[in-house]
Each structure stands twice: as structure tokens, then as C-alpha cells.
There are 2 protein chains.
Amino acid sequence: MTSKLNPIPYRLYLTEEQMPKQWYNLRADMKEQPAPLINPATMKPVSLEELEPIFCRELAKQELDGQTRYVDIPQEVQAVYRMYRPSPLVRAYNLEKALDTPAKIYFKFEGNNTSGSHKLNSALAQAYYAKEQGLKGLTTETGAGQWGTALSEACAHFGLPLTVYMVKVSYEQKPFRRDAMRTFGANVIPSPSETTQVGRKILTEHPGTSGSLGCAISEAVEKALTTPDTRYVLGSVLNQVVLHQSIIGLEAKKAMDILGEYPDVVVGCAGGGSNLAGLIAPFMQDKLTGKADPRIVAVEPASCPSFTRGRYAYDFCYTGRITPMAKMYTLGSGFIPSPNHAGGLRYHGMSPILSKLYHDGYMEAVAYEQTGIFEAAVFFAKAEQILPAPESAHAIKGAMEEALRCKETGENKTILFGLTGTGYFDMTAYHNFMEGNMQDYIPTDEDLQKGFDSLPQIPEM
Amino acid sequence: MTSKLNPIPYRLYLTEEQMPKQWYNLRADMKEQPAPLINPATMKPVSLEELEPIFCRELAKQELDGQTRYVDIPQEVQAVYRMYRPSPLVRAYNLEKALDTPAKIYFKFEGNNTSGSHKLNSALAQAYYAKEQGLKGLTTETGAGQWGTALSEACAHFGLPLTVYMVKVSYEQKPFRRDAMRTFGANVIPSPSETTQVGRKILTEHPGTSGSLGCAISEAVEKALTTPDTRYVLGSVLNQVVLHQSIIGLEAKKAMDILGEYPDVVVGCAGGGSNLAGLIAPFMQDKLTGKADPRIVAVEPASCPSFTRGRYAYDFCYTGRITPMAKMYTLGSGFIPSPNHAGGLRYHGMSPILSKLYHDGYMEAVAYEQTGIFEAAVFFAKAEQILPAPESAHAIKGAMEEALRCKETGENKTILFGLTGTGYFDMTAYHNFMEGNMQDYIPTDEDLQKGFDSLPQIPEM
């Protein structure tokens, strides 16, 4: 029991006046730009015109714009950000005490909204631009359901019809996520379905299949391309998503400024990379411009180690192989992640922006196994009274390891990590962990080779 | 789409300095005290000595103390309140717009913590006092699981072992709640169990029973009385809980003061009454002391209408008939609420403090049917991007009805309601609602009579 109140607040909320009015575009300060997206049909960098049938106009522009340093957040998006932001910067006093570390630990908590994660930051921006362009609907896919829930909320707010293709096995096993999306008015369809050509084809060839993310994406893309004024939207990996997520880092840095703090190390979990890129954005800016030199650490699952064991190569963003190719750290779109891994970090690739920064030596990456991640999650929950999403627990584990090293060395470093979401819909994974039914899985070199064999043959660019 | 940012913030968070340092004891300003608890063995008002074997010392004192107006919140409790408080006062701009009402609607949102509700406010206080007294453990029961989760978090924080008896049918049908409690280290036992005499007796007499709240309470009380240095704790109804929950209203009033606002009407849902009593506390103080005269409205389910159709009489707090009797609005401890009702407001009685205030004409009460409650919940979710608990949706419905009346009359009243929690663990009920499988249920006079027949025969006091 602590008996004194701490002088530095436990949770710092910016006021609305202090909230950022602009997103920050990390590419504007990169010495070298990330490699361009290429069109698999022409093998040339993709143009704005080529992107427009896929993305809505403003988002396509943002995707290709590496120059504009600050982008105004539309007032309509600022208004809806105020419905759940600013998110608090939390001083993890109780975690520090439980670890008995001299380090100061801060985390930026993005989980206090109904979607349960940071995904809402980009979902709202994407839904806004679609509505502003006069589009009549959006489609997307969802696996675990975080992105689908966030986009359902966003579309409910802006009055846009939304169709979500949900991998059939998740549709059946995660009825709560499904019903949360439906509560917000989304049309949730188990994939494969009879509503698309590709779905019907798969159902004919594999009757009784429980679906796959690749199939759900293919259906969502087909539905968008065949429905007037409808677009397909994505929740991670893309440059536009990284831009929108910079709100996380901008708020965190402002809050730390107010406290007179600056992180020695910034830690985030990495799946597609959008939350990590958003969290680190202003700190990476300091690094790129020589103002400061914080360490930046990406934490990924050992079962899906894009940074630590992947290749930096052009690859398809999805197994559907429809959208443009990106140069990124990838395990190959044919890499099959372990089915028993609970987290949503199973994506084979990584944000092209983060991939370039990692390749150029601006950041580090570590990988941890699943049971260690859940041990950290439970330890954190007891200390900080927040039940973290398994994805977020990767960042917790990374931050705890940093703090424990400080305990060894006696250094009182300042650690900042991103807590992206809550785990209320992940209790089955917690249950398996507590019952001792969770297995670790590290792909063999042979497993990885199968993924690398799926990489497209592209001339070096 | 709103195109202008609003001058009054969407969410107002007090700073830590502005947070209340004392709870407010509503009884101190009541012209007449609520009727005393009576000991069913002696039929006399219960004494501190009689309460001490059941409650820990400080809580027993708080239970009986109708005089002390302000009670210092211990620093240890203030410190842990700062882990999730202050809770925001939210201006429901989007709900106002969706209803097209001239009314201003505010709500105090207590759901942004892992337990998902206001229950944590009292759980932390109760666990603290138990730890401070040197107790070695606590027991409780849980039905839907909100209270059990809150107490699990509190006991994890203060390092107190906790045993939760969870009604067997909930244990099996709500595994996520069960596992959330276990994540925080609680020992969760399906009731009836082999761990108590009463449990073994019920299992022998009714093999295969799915349990009941009364049975779970009986087991939790027996376990506490037969384990050294262990106490049984309760999450609602009691005066001590009402005291702790005053933090809700004190924060809400302070935030409204900052905005230059004062509610014309305060609306809350009423099950055992603790959240409602906490929310209205400082506004009721103004009413009792003649400073202001806001309307106070309790909203209860038509399926369990303690205020609107109950009797003001002495009754047992629980079917176990072990704890002291309280004078309250009650349907009788033998009243059997509809099994299909989703909310956690199925308690047969009502806080003695609120009962007295209602009896004396200081507040109103309304009852709504379940499908109307869920319609309001979905409407609210789409407008305000918060998925409410079914219990909380009663307050939403009540506030919406007030706002719609303003639309008719053109009055721009200021409405404040309490949003006690989130519905992430209640998606089955949402599913049933969306599928059209939810039935309304209003007890007949005959149903109510069965409950009244269970009232104890007590001389008028």
C-alpha cells in the first residue's frame, strides 16, 4: 500500500485546447523515403489515378504524399476525437513498485473506447473522408474484430453503410464482437459467403471451410469494386493509417512535455505497425532531426517475427494479391502463422515506413513467446488494474524487460510504452493461459522458407 | 456531421487537485434518519458489536453513522482512485442532436475501468479497510459478475485473498467474467459447492441445481464466519456503499460548477440503489438544505419494480435471511424476478436511504420495460459511441424521455444522468434483442403478492 499521494499525476489528460489539431507525417523528415507502392499489373510505382478506385480520393493522396509534414485534422474528425480522446498518459506507479525498478514507466492508454483499441483513430478519419467524398458505403474484413468494431462505430457516426466480412470461424467463435458490430449497425457477413463470386467459388471448392483472412479480404475488395460509390478500407500497414495514428504520439509527447519528461526508450507492439508508428512519430522526428536520440523498440510475437526474422522485400499486402505491392519486412504472404496464437499481431508484413526506418537502423526489434506475454499481461493487470489485449501485452513485456534491466544496472531511465487496447473480448486466451493450455510456437527455418517462397519475383528497386 | 467544435468540452476530467478528498454522508442532512437496521434475533436495532463479526470495524461504524457529514477518503484509497478516476462528465452533444431536443444532456461515465462499472468505488474502500484492520481474506457472491470483478481488482491491489461464490449458471454461461476475476487472482467457486455446509446440503437435496443468488450469498457468509479473520462484503444497498459512491455525485457537481451548469433533473438507474444514491448525493443535499430544487428520478425495470410497486417495509436484505433486516421499498425477498431479464437490477429491495427519501417525497421513480431499454441502449450507442450495460441503459432511457418531453415543450432543461457501466460482457442480451428474441415481462399483482407474502412479520418501528 502506498501511503502518500504522488506529486506527478497518475493519469494526465490534455485539455481539449491542448489536443493536436494536425497529424504529423513521419515521411517528411525521413532522409530517404520508403520505397513506393508498385502496381503488380505494370510493375511501376502506383499513381494517384490507379489508387482512386480502391481508396477514396483524400486517402489516396495521403497514401502517396511523403512531403507534407503536418496535415490538418478536419474539424469533423477533431469533434469526434473529443468523444473519446485525449487518451490518458499514465504513470505506472504500481507497476514500477511491483517490479521494484528505479525506472520511471509511462504508458499511453488507447483502450478506453468501445472499440477497445487505437484502431478508432484511423477508422474515424477514413469514414469521414469517404462521407465527405459522397461515397455511399464501405467494406472491410475483420479477423479478431477490433478493426471491424472500430469501423462500425465510425460508420455509425458518419451515417455510412458498412459491410464487414468476418472470417467464419471468428464469426462463430467470437459472437460478442460480431454483435458489437451489429449494434453499431454494420452488416456482418461470415466469410466465405454467397454474396461474392470469390466466396461462392471457395464454398463450391471447399464446402464446410471455416474461412481465412485472405478470403475475407478478397470478398470485401470484390464487394467494394462491384458496388457503386463504395470503397474498401484497411486498418493498418498503410501510410495513411500511420499518419492518422500519429495522434497517439503527439498527445503523448505533449503530456510528457507538461510533466517535464522525455523518454529514454519508447516501446510498442508491432503487427501491421500502425500503433507503433503512431506512438513513436514525434520521438522519431526528434531522432531524424538530431534533436534527441531515444531508443525505439518494436515488440513482436516470436510466432510471427516479421522484423526479427523476415526479409526486406516487395510483397503483396494480402494473400488476395489484389492491392498494390509494398516493400517491407515480410515473412511472405504465404506464411502461415500458428493457429494457436491469440494475439492480433499475426500479419506477415510490416508498415513500409517502419520497415524503412528499421532497415536504416533507427529502431530495434525484439520477439517474445506467447506464454511470457501472458505472464506479463496478468502481472500488469494485477498491478495497474487494466486487463490488456494480448497484442498490447507485447509492449508491456518489452517495457517490463527494459525496467528490469534498469533494476540490474541501477539506472532510472524513463520508459514510455503504448497500451493499445483492452482484452475483454480475449478472455478465451486468458482462460487457456491460466489453465496451462497455451503453447509457445517458434517457426522453424523451414516454416519461414515456405513463406519466403511465396514472395513475388520483383526486380530490385 | 457537426462542422464546428463546441465551446463546452465534450468530456470534462477534473484534475487530481480538484478531485474530492472526502465522501459525503447524505444521512447527515436528512431531516429524518432512515429506519435502523434490526437484528432478526433480538428484533432490536443492531449494534456496532453485533455488526463487527460480519463487517470490518470501520465499515460497521460507517454503516451506523448517520451524523458525520464528510468522511475523509483514506490516502491509500485516494491513491488508487487516481488509477481510474476522475471519471469524465460528458456533454452528450450527439445524443442531443439525434433526439433533436433543446435540452442539454450530461452524463457521468463510470464505465472506463476494467471492472466496467461504478462498483469499483466501494470495492476499493472495503478492501482497504479490511486490509488496514489486518484481516486475511474476504468472501462475496456474484451473479452477473460486475461486483465480483470489481472486488477482485480491489483485492489484487491491496493483496487480500478473495473467494467469490458465483451462481453456477452464471459461472458456466459467463466464462469471460469468471476468467476476468481469476486473472486478478480471485478464487471463483461455482455455487452451490462442496466447500460449505449449506452448499453440500443443497447439492444433496437438489443434485444438478444451477444455483441461485440466495444460495451463493449463504455460502459466502458461511465461509466468512467459519474462516479466521475473514469477512463477507456487499456491493450495494448498504449505507456504507452509498457513502463511498458519493464520489460520483461530488465529481459530477464539481465538473458542472466549472462549466457553470446545474441540473434541472438528475436521472439514475436503481437496482440496490448505490449508484443512484452516489450520483444524486450533493444534489439531494441542496434539496434537503433548501439551496436548490432539482428533480431526482430513479429508473427501474418494470420486471422488478421495487419503488413503483413495492412496499415500504422491513425485509431481509437477502433470501439467506442471515444479515440484519432493513426498512426499504421491497418486493419481498421471496419475489422471483423474471429469468429472462438481462439487467443486474433484479434486486428485490432498495437502499434504505433512498427508500426513506422516496417515501418522504424527495424523489420520483419510473419503470420501463426491457425492449424499450434496449432500444434506448442501441440508439445511445450509435450516437455516443459507448456500448452501455443494460443496467445503465435504464438511466439512458429515463434521460431520453426527459429530453423528448423538452422537445415537446420547447424547454431547454439541463439533464444529468449516471452512465454506470459498459456492456461488453452483456452481448448475449444485445444479441437476443437484435434477433427479436427478447420478451417484456411485467409481474402480475398475483406475482407481487407472492413476494409480499415472504415479508417478515415485524412490529411497526
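If you're wondering where the values come from, they're calculated on a predicted model, not measured in any experiment. Proteins come first, then strands; the chains are lettered A, B, ... in the order of their sequence lines, and each starts at number 1.
- Neither the backbone nor the side chain of A/Thr422 has a heavy atom closer than 4.5 Å to any heavy atom of chain B.
- For B/Glu16, the part lying under 4.5 angstrom from a heavy atom of chain A is the side chain only.
- Most heavy-atom pairs under 4.5 Å with chain A, from the set B/Asn113, B/Leu387, B/Leu12: that is B/Leu387.
- The residue among A/Lys382, A/Gln385, A/Arg85 with the most heavy atom pairs within less than 4.5 Å of chain B is A/Gln385.
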Would B/Glu58 and B/Tyr128 count as a side chain to side chain contact (heavy atoms under 4.5 Å, CB included) if you check the C-alpha gap in whole Å, the side-chain angles of each, and the deciding distance to 0.1 Å?
CA-CA 10 Å; B/Glu58 199 58 33; B/Tyr128 164 73; over 6 Å; no
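- With a threshold of 4.5 angstrom between heavy atoms, A/Ala98 does not approach chain B through any atom at all.
- Other residues, nucleotides and ligands contribute over 12 non-hydrogen atoms within 6.0 Å of the NZ atom of B/Lys21.
- Pairs of residues two or more places apart, or lying in two chains, that qualify as salt bridge (Lys or Arg N to Asp or Glu O under 4.0 Å) and include a residue from residues 178-189 of chain B are A/Glu435-B/Arg182, B/Asp179-B/Arg182.
- Neither the backbone nor the side chain of B/Ala377 comes within contact range of chain A, judged by heavy atoms closer than 4.5 Å.
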Could you go step by step and tell me if B/Thr420 and B/Ser392 meet the side-chain hydrogen bond (donor to acceptor under 3.5 Å, both in side chains) rule?
CA-CA 5 Å; B/Thr420 54; B/Ser392 320; 2.7 Å; yes
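- With sequence neighbours excluded, the residues satisfying ring-ring contact (aromatic ring centres under 6.0 Å, His included) with B/Phe176 are A/Phe176.
- Using a 4.5 Å cut-off between heavy atoms, A/Thr15 does not touch chain B at all.
- Counting heavy-atom pairs closer than 4.5 Å to chain A, the top residue among B/Ala156, B/Gly116, B/Ala381 is B/Ala381.
- Panel note: side chain B/Ser122, backbone B/Gly235; no donor-acceptor pair is recorded below 3.5 Å.
- The distance from the NZ atom of A/Lys254 to the CD atom of A/Gln18 is 6.0 Å, given to the nearest 0.5 Å.
- Heavy-atom distances place the side chain of B/Leu124, and not its backbone, under 4.5 Å from chain A.
- Of the possible donor and acceptor atoms, one in the side chain of A/Lys108 sits under 3.5 Å from a partner among the backbone N and O of A/Ser87.
- Contacts between B/Tyr430 and chain A at a heavy-atom distance below 4.5 Å involve the side chain alone, from C-beta outward.
- Contacts between A/Tyr13 and chain B at a heavy-atom distance below 4.5 Å involve the side chain alone, from C-beta outward.
- With a threshold of 4.5 angstrom between heavy atoms, B/Val90 does not approach chain A through any atom at all.
- The aromatic rings of A/Phe417 and A/Phe380 sit perpendicular, their planes meeting at an angle over 60°, well past the 30° parallel limit.
- Between chain B and the residues A/Gln78, A/Met83, A/Arg91, A/Glu153, the largest count of heavy-atom pairs under 4.5 Å involves A/Met83.
- Heavy atoms of B/Thr428 lying under 4.5 Å from chain A belong to its backbone as well as its side chain.
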